[in-house]
Amino acid sequence: MTCSGQTRRRWVAPEDKPLDRTTVNSWEDIEFVQAVHATGRRKLIICALWTEICMAFTALDALREGYEVYPVVDAIGGTSPEAHRAGLDRVMQAGGQPVSWVSLACELQRDWAREDTVEAVIEIVLTDRLRKE
């Protein structure tokens with residue numbers, strides 16, 4: 001395993017092998033970019049370890065290539081609250097559209113009549129933490 005660890009594509013292609021990379025900017029890794037291109041999708045939901053580095057660098061490069069980028073603001077964190085905010089601001093100024101994990105889950109569900117996914121969305125959204133609030 002390298003410094004950046006393994007990037008897993010569980011939601012897009014769970015059967016694919018993890019990508020082992022050394023770059024802090026995933027968009028500088030040819031295997032990562034090829035995997036994104038291979039999906040044929042133009043909307044990227046991005047989570048990362050550090051907002052101002054891993055997420056921002058990747059998001060800015062993807063935006064420059066014409067992708068829509070959705071950073072999940074509460075599934076990433078900065079090295080400080082200020083750094084987190086600065087990273088998000090930078091991506092938003094370039095056209096990124098921040099979302100929370102709960103709003104993302106509900107946006108993907110769209111309609112509770114889509115019964116084939118309701119159980120999984122409820123399991124994700126109604127965690128013990130949220131039930132206690």
Side-chain angles (χ1 to χ4, degrees):
M1 187 173 307
T2 61
C3 176
S4 293
Q6 294 182 344
T7 301
R8 297 189 185 274
R9 297 179 286 159
R10 289 186 184 144
W11 297 336
V12 175
E15 68 282 355
D16 286 350
K17 67 177 180 61
L19 300 175
D20 198 6
R21 60 184 180 79
T22 59
T23 61
V24 295
N25 177 353
S26 296
W27 214 257
E28 292 179 350
D29 183 273
I30 191 68
E31 282 187 82
F32 179 88
V33 174
Q34 287 173 342
V36 171
H37 290 169
T39 69
R41 298 177 182 187
R42 300 301 298 172
K43 296 180 180 187
L44 302 178
I45 299 166
I46 299 182
C47 302
L49 178 61
W50 286 341
T51 311
E52 70 277 21
I53 300 167
C54 307
M55 185 282 292
F57 296 172
T58 302
L60 292 169
D61 284 346
L63 285 161
R64 277 191 278 281
E65 282 197 30
Y67 284 84
E68 291 179 43
V69 173
Y70 300 88
V72 185
V73 299
D74 47 359
I76 49 179
T79 54
S80 69
E82 295 81 10
H84 177 72
R85 182 80 255 151
L88 288 172
D89 287 347
R90 189 173 177 197
V91 170
M92 288 186 317
Q93 289 169 2
Q97 302 175 54
V99 295
S100 70
W101 70 268
V102 172
S103 68
L104 174 63
C106 292
E107 188 170 345
L108 294 172
Q109 176 62 37
R110 294 290 237 203
D111 186 342
W112 296 117
R114 292 178 56 212
E115 295 178 4
D116 56 323
T117 54
V118 167
E119 187 175 330
V121 170
I122 288 174
E123 183 179 334
I124 292 167
V125 173
L126 297 179
T127 63
D128 289 339
R129 183 181 63 86
L130 291 177
R131 287 186 182 129
K132 292 177 185 174
E133 291 179 0

Exercise. Just do the side chain to side chain contact (heavy atoms under 4.5 Å, CB included) check on Asp61 and Arg64 with the steps written out, would you?
Key: CA-CA 5 Å; Asp61 284 346; Arg64 277 191 278 281; 2.5 Å; yes

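- To the nearest 0.5 Å, atom CD1 of residue Ile30 and atom NE2 of residue His37 are 8.0 Å apart.
- Residues Phe57 and Ile53 have side chains in contact (heavy-atom distance under 4.5 Å, counting atoms from C-beta outward).
- Heavy-atom minimum distance, Met55 versus Gly87: CE-O, 4.1 Å.
- Across Ala62 and Leu44, no two heavy atoms sit closer than the pair CB-CD1, 3.7 Å.
- Atom OG of Ser103 is separated from atom CG of Leu108 by 9.5 Å, given to the nearest 0.5 angstrom.
- When all heavy atoms of Val91 and Ala56 are compared, the pair lying nearest together is CG2-CA, 3.7 Å.
- Hydrophobic clustering (side-chain heavy atoms under 4.5 Å, transitive across Ile, Leu, Val, Met, Phe, Trp, Tyr) keeps Met92 apart from Trp50.
- Shortest non-hydrogen contact noted between Ala59 and Val69 is CB-CG1, 3.6 Å.
- Atom CG of Leu104 and atom CG of Asp74 lie 9.5 Å apart (nearest 0.5 Å).
- Among Thr23, Asn25, Asp29, the one residue that satisfies the side chain to side chain donor-acceptor pair (under 3.5 Å) test with Thr58 is Asn25.
- Between the Gln109 side chain and the Arg114 main chain, a donor and an acceptor come within less than 3.5 Å of each other.
- Counting heavy atoms from C-beta on, the side chains of Leu88 and Ile76 come closer than 4.5 Å.
- Side chain of Glu52 to main chain of Thr79: a donor-acceptor pair is present (N/O by atom type, distance under 3.5 Å, no hydrogens or angles).
- Val102 and Ile122 fall within the same hydrophobic cluster, defined by Ile, Leu, Val, Met, Phe, Trp and Tyr side-chain heavy atoms under 4.5 Å apart, directly or through other members.
- Pairs of residues two or more places apart, or lying in two chains, that qualify as ring-ring contact (aromatic ring centres under 6.0 Å, His included) and include a residue from residues 59-79 are Trp27-Tyr67.
- Within the model, atoms CG of Leu60 and CD of Glu65 stand 12.5 Å from one another, a figure rounded to the nearest 0.5 Å.
- Contact check for Thr51 versus Arg85: no side-chain heavy atoms found under the 4.5 Å cut-off.
- Shown here for His84 and Val73, the closest heavy-atom pair between the two residues is CE1-O, 3.3 Å.
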